[in-house]
Amino acid sequence: MKSAAEALRGDYPEVQEISKIEGQLLIDARSVATTHSSTPLGWQLKNATAGRVVRLAQDGFTFSQLRPYPSWDVFLAEARRLWASYASAVAPREISRLGLRYINRIDLPASASLEDRLEAPPPIPPQVPRTVQRFLTQVVVYDEGSSASATITQAMEQTQGPGVTPAVLLDIDVFRHGTWDSTDPRIWEAFGKFRALKNRIFFASLTEAAVKEYE
Amino acid sequence: MIPVAPPPASPTAGLTAPADFVPGFSPEAHTISGMVHGAIEQWLESVDVRGPLLEALGALNDVCQEEGPTGRPVDPAAWSAARRFLMQMPSSWPMPDISVDADNEVALDWDFGWRRGMALSIGPTGRIHYAWTSGSDEAHGAAWVEHDGISPAVAGTLARLSEA
């Protein structure tokens with residue numbers, strides 16, 4: 001894994017080792033004892049200018065793209081390049097989960113209500129006060145066409161202050177469990193289907209007005 | 001009407017799943033992760049709802065602190081994977097007996113009566129090895145501790161054995 005991290009250092013100059021640190025406090029009637037342990041998990045590499053983060057770990061590979069967002073083709077090509085580097089260094093026995101996650105921030109102007117932006121805002125019974133301070137909803141749905149599931153999370157924080165615009169976060173995490181070889185070309189076909197499902201969920205989740213503002 | 005049905009090859013997930021959120025790095029990802037974990041913590045605070053889980057997590061901590069059959073404590077990564085597995089179990093499932101096996105992995109055992117039960121071990125990589133017996137039938141297999149639920153192979157077997 002370290003060799004893969006070293007090979008990518010040219011494009012991802014910020015390299016950080018990832019460890020899992022566990023601590024425990026043991027209390028009985030007469031004493032208090034502490035234990036802790038640290039387990040190396042892998043490496044996280046970052047290119048801050050390009051907004052890219054790669055996580056090469058024992059339990060999986062993740063490629064994240066933050067702002068500025070390139071096209072899907074550019075994103076996928078980089079993901080494939082990074083995966084090839086990780087797979088050749090780690091030789092994973094099998095892949096058990098594929099996932100594609102998009103997190104969108106939908107600004108809520110002062111005059112807008114949740115219904116103005118979301119097709120499925122959290123329902124509030126008529127007798128209950130209607131001023132929402134924050135909310136979190138999450139559903140997991142299954143799509144037979146792509147054999148994929150999607151975790152759809154809508155959240156709104158309680159935020160206020162000068163220059164702070166309230167916003168709803170729409171998090172769409174499309175995933176599928178199975179068994180794939182690390183060189184299986186169906187992996188990349190699956191990501192294309194995941195993206196199509198993500199788009200379907202995204203446009204169905206927002207009102208027309210919200211989509212217009214988002215574009 | 002919104003139909004509710006488990007998809008064919010999807011993990012089984014209880015109230016406290018996903019125990020670990022798939023990582024994200026944006027401020028928005030951190031916000032959602034914090035809110036989801038906050039919701040999970042609320043479930044865990046309810047002793048009525050998650051009492052058996054809290055007991056199981058306590059038992060897991062106890063056995064992992066002791067020296068196992070190899071004379072060493074359990075690898076923290078195996079503890080972590082077993083904890084994730086327990087956290088993702090539906091609240092309707094019976095909790096297993098928890099111990100450490102001869103390979104220093106966390107062992108979970110369900111006994112559903114005479115010649116009916118399931119045993120699985122969880123190692124530091126999150127690999128699960130399981131075996132089950134039901135009358136004259138028996139089989140074994142392997143799966144992974146997933147991020148968002150319990151693998152269909154393990155969940156399906158447990159459901160079948162507990163209902164038989």
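Keep in mind that this is a model prediction, so the values were computed, not measured.
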Check your understanding: Does the side chain of B/Ser151 reach to within under 4.5 Å of the side chain of A/His177, using non-hydrogen atoms?
Key ->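 With C-beta onward as the side chain, the pair stays apart.
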
Are any of the side-chain heavy atoms of B/Trp144 and A/Arg93 separated by less than 4.5 Å?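 Side chain of B/Trp144 against side chain of A/Arg93, heavy atoms only: contact under 4.5 Å found.
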
Here the pair of heavy atoms bringing B/Met35 nearest to A/Met156 is CE-O, 3.4 Å

Scanning both residues in full, the closest heavy-atom pair of A/Leu66 with B/Ser26 reads CD2-CA, 3.7 Å

Pairwise distance [atom1]([X]) to [atom2]([Y]) - rounded to 0.5 angstrom:
X: B/Glu28; Y: A/Ile106; atom1: CD; atom2: CD1; result: 10.5 Å
X: B/Ile32; Y: A/Ile103; atom1: CD1; atom2: CD1; result: 5.0 Å
X: B/Thr31; Y: A/Asp171; atom1: OG1; atom2: CG; result: 11.0 Å

Okay, A/Phe63 and chain B: the region with an atom under 4.5 Å from a heavy atom over there is neither

Okay, A/Glu94 and chain B: the region with an atom under 4.5 Å from a heavy atom over there is side chain

Could you tell me whether [X] atom [atom1] has more than 12 heavy atoms of other residues or ligands within 6.0 Å of it?
X: A/Lys46; atom1: NZ; answer: no
X: A/Arg186; atom1: CZ; answer: no
X: B/His140; atom1: NE2; answer: no

